[in-house]
*Asks:* 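Following this message is one structure expressed as structure tokens.
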Amino acid sequence: MAAEESEAKLQLFLQWLQTNGCQLRGCAIKSCGPNKGFGVFTSNFPSDDGVAMAVPLDLSINPMSVLQDPFIGRRCRAMFEDGDVDDRFLMILFLTVERLRSNSSWRPYLDVLPTTFGNPLWFTEDELAELKGTTLHRASVLQRKNLQALYDDKVKVLVDELLPGDVSIREVQFEDFLWANSIFWTRALSIPFPRSYVFPGSLGDQNYISVCHNCDFGASEEGMGSDVFDDRNGGRHGDNCAVLHKENSDEISKSEDGETVWVEGLVPGIDFCNHGYADTFFKAILYSSYPSSYLFLKPEAIWDVDRMGSMTGIPSSMYLLLANPNKIEMDKEICISYGSKGNEELLYLYGFTIDNNPSDFLMVNYPFELLQNAPLSVSKGKLLELQKAELRCLLPRSLLDTGFLTGCLKDEKCQLSNFSWSGQRKFPSYAHKLVFPQEFMAALRIISMQDHEIKKATSLLEELVGSIDGKYASATDVQAAVWETCGDYAALELLVDLLRVKMTELEDGSGTEEADSKLLDDYHHFDLEGRRSFAEVKRATRIWRDCVVYRKGQKQLVRLFLQEAEHALELCASEPQ
């Protein structure tokens, strides 16, 4: 009965798409299997242009459509103009309200969307315990707490206000808001709208862009870095967008037929494309003869926007374009790329991981509270402020390709070559192989400084610019003075300590990297023995397995970056000081 009900809802959704001008050309939306949701599959040979689907942008859920919605638009415009909400919150609120309205015009679309998710915001306490010691565990606990507070303080009141006295509508629950939040973050993409679409005459030329993202109601959070999960110009399919629109780093950009404004939104139909690649080469061994930059990932399809209708015949539409339309297989799922994302981001947003993910990264940070309580905190804080230093950094796996454990050299020259004003501190022989970003190393140098070193660095800066109290010293000046004063040794010692502490936290939470490897080996061995079908095992243990894959990858990266730091410290100790 469940399968029949699901199929009936899918047919209503397909009719709804067709009624609203969507065209499925050479593709079909269908079930991916039990408990796997829906995907986009090839159904017949597409036209020569390779367009598999075209969807009018009028069918998208975006900030403009919410502000013009006949049901909640007036109230949303008032909040938006007052700066009380941002564009993302508007869409999440809209999804929450429409889910509760039985007569919603979006009902066919909402009924085929997933109702549960595999990301940590939906984990049980036992499942979340599998992430103990990781950055993702802390961020997930904090984010769920923040979302609950946002629901209690604002969302529930707003929904009750927008749906007054309708006995046919059940009372809103936190899970409704959590569902809407997850729908947005798993399905939204950055759409290059024509400026005329974003600023329609009926609403006037309101300053949308200045208000967008002024509040962060989404996935970001402490210890993870807002730039990791706050993919403003990419969303779910950002890397496809970057390939097709080189100007997507700007929220407003120029194009041949006018200005383009990048706005996040949901596009029914295209948002059923899942993540995958046509040709994927993953290294079996992390350090082989191929650096990770050689890894070639080719999505089976990409999307683009047809402003004038020259590609699809539908002006202002988004279309799905097959990468190799002449080599298509029938009834094969059409996948797109969600971008080069590490397992931390994939699990946090989408609820899955990739084995041996070449885009994995490690977050390393120096706790701000330690700096506040440390000796000389005021002086160090001033130097950090002048230098615009970051107390945390991302270490992508790809950095290891140019480290001490490989034979590759960095292409760029190390900026330390210009740091010594007096020439007394020689350029380090190991600098070209140091994988850690100089911005973070510069912050660690300041944090590890002694009193006499702070006085010496301050004196050097005063000789150059007069007084640092006037904040005339540039970030480069500060970085140079600090490096010439104290070099790298204490900073590398601190870095080694940070990485060792991080490894201890990971292992205290879930055991060693070797233990995780054994768990994954047992998982695969269990499948191969055929005691149960692979689908049954995957359904029963998918979340557990994804947690193990992620945390094992984090331990591996800590181990490898720790080896790099320890080797750099050893070389630094042998350098003349």
*Asks:* With the threshold set at 4.0 Å, does a side-chain nitrogen-carboxylate oxygen contact exist between Glu5 and Lys9?
*Replies:* yes
*Asks:* Of all residues at least two apart in sequence or in a different chain, which pass the side-chain hydrogen bond (donor to acceptor under 3.5 Å, both in side chains) check with Trp122?
*Replies:*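 Ser182.
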*Asks:* How long is the span from the SG atom in Cys273 to the CE atom in Met53, to the nearest 0.5 Å?
*Replies:* 5.5 Å
*Asks:* Do Phe38 and Leu10 come within less than 4.5 Å of each other through their side chains, counting heavy atoms only?
*Replies:*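 SC-SC contact between Phe38 and Leu10 confirmed.
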*Asks:* Name the residue from Leu131, Val549, Asn119 that meets the side chain to side chain contact (heavy atoms under 4.5 Å, CB included) definition with Leu347.
*Replies:* Leu131
*Asks:* Do Glu329 and Thr42 pair up side chain to side chain, a donor and an acceptor below 3.5 Å, judged on atom types alone?
*Replies:* no
*Asks:* Contact between Leu557 and Leu395 at the side-chain level, heavy atoms closer than 4.5 Å - yes or no?
*Replies:* no
*Asks:* Do the non-hydrogen side-chain atoms of Trp106 and Arg99 ever get within less than 4.5 Å of each other?
*Replies:*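 Result no, sub-4.5 Å side-chain heavy-atom pair not found.
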*Asks:* Using the ring centroid of each side chain, check whether Phe13 and Phe272 are separated by less than 6.0 Å.
*Replies:*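 Here the rings of Phe272 and Phe13 have centres that are less than 6.0 Å from each other.
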*Asks:* Have a look at Glu513 and tell me which of Arg551, Lys555, Lys552, Arg559 forms a salt bridge (Lys or Arg N to Asp or Glu O under 4.0 Å) with it.
*Replies:* Arg559
*Asks:* Less than 4.5 Å apart, side chain to side chain, heavy atoms only: is that true for Tyr319 and Ile270?
*Replies:* no
*Asks:* Begin with the C-alpha distance, continue with both residues' side-chain angles, and end with the deciding distance and a verdict on side-chain contact (heavy atoms from CB on, under 4.5 Å) for Val501 and Leu498.
*Replies:* CA-CA 5 Å; Val501 168; Leu498 289 175; 5.8 Å; no
*Asks:* What do the steps show when you test Asn146 against Leu142 for side-chain contact (heavy atoms from CB on, under 4.5 Å), and what is the final call?
*Replies:* CA-CA 6 Å; Asn146 290 341; Leu142 177 62; 3.7 Å; yes
*Asks:* Taking the side chain as everything from C-beta on, heavy atoms only, tell me whether Tyr550 gets closer than 4.5 Å to Asp360.
*Replies:* no
*Asks:* By ring pair (Phe, Tyr, Trp, His ring centres under 6.0 Å), which residues pair with Phe352, not counting sequence neighbours?
*Replies:*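 Counting only residues at least two positions away or on another chain, Phe352 forms a ring pair (Phe, Tyr, Trp, His ring centres under 6.0 Å) with His275.
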*Asks:* Begin with the C-alpha distance, continue with both residues' side-chain angles, and end with the deciding distance and a verdict on salt bridge (charged side-chain N to carboxylate O under 4.0 Å, His left out) for Lys132 and Asp508.
*Replies:* CA-CA 8 Å; Lys132 279 188 176 179; Asp508 286 348; over 6 Å; no
*Asks:* Which distance, rounded to the nearest 0.5 Å, do you find between the CG of Leu519 and the CD of Glu130?
*Replies:*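 Leu519 CG to Glu130 CD: 8.5 Å, rounded to 0.5 Å.
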*Asks:* Can Arg445 and Gln438 be said to form a side-chain hydrogen bond (donor to acceptor under 3.5 Å, both in side chains), step by step?
*Replies:* CA-CA 10 Å; Arg445 292 185 196 109; Gln438 281 302 320; 2.8 Å; yes
*Asks:* Among all residues two or more places apart in sequence or in another chain, which pass the ring pair (Phe, Tyr, Trp, His ring centres under 6.0 Å) test with Tyr151?
*Replies:* Phe174
*Asks:* Does some side-chain heavy atom of Leu321 sit less than 4.5 Å from a side-chain heavy atom of Asp304?
*Replies:* no
*Asks:* With His137, which residues qualify under ring pair (Phe, Tyr, Trp, His ring centres under 6.0 Å), at least two apart?
*Replies:*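 In terms of ring pair (Phe, Tyr, Trp, His ring centres under 6.0 Å), with neighbours along the sequence ignored, His137 is linked to no residue.
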*Asks:* Just checking, any donor-acceptor pair under 3.5 angstrom between side chains of Thr353 and Asp546?
*Replies:*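 Short answer, yes.
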*Asks:* Under the criterion side-chain hydrogen bond (donor to acceptor under 3.5 Å, both in side chains), I'd like the reasoning laid out for Glu575 against Ser429: C-alpha separation, chi angles, the key distance, then a yes or no.
*Replies:* CA-CA 8 Å; Glu575 294 270 315; Ser429 62; 2.4 Å; yes
*Asks:* Got a sec, which residues hit side-chain hydrogen bond (donor to acceptor under 3.5 Å, both in side chains) with Glu439, two or more places apart in sequence or on another chain?
*Replies:* none
*Asks:* With heavy-atom distances below 4.5 Å as the criterion, would you say the side chains of Lys502 and Thr135 are in contact?
*Replies:* yes
*Asks:* Quick one: does Phe561's side chain get under 4.5 Å of Leu399's, heavy atoms only?
*Replies:*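 Yes, close enough: below the 4.5 Å cut-off.
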*Asks:* Apply side-chain hydrogen bond (donor to acceptor under 3.5 Å, both in side chains) to residues Asp497 and Tyr366 and explain how you reach the verdict.
*Replies:* CA-CA 10 Å; Asp497 288 342; Tyr366 184 86; over 6 Å; no
*Asks:* By side-chain hydrogen bond (donor to acceptor under 3.5 Å, both in side chains), which residues pair with Thr504, not counting sequence neighbours?
*Replies:* none
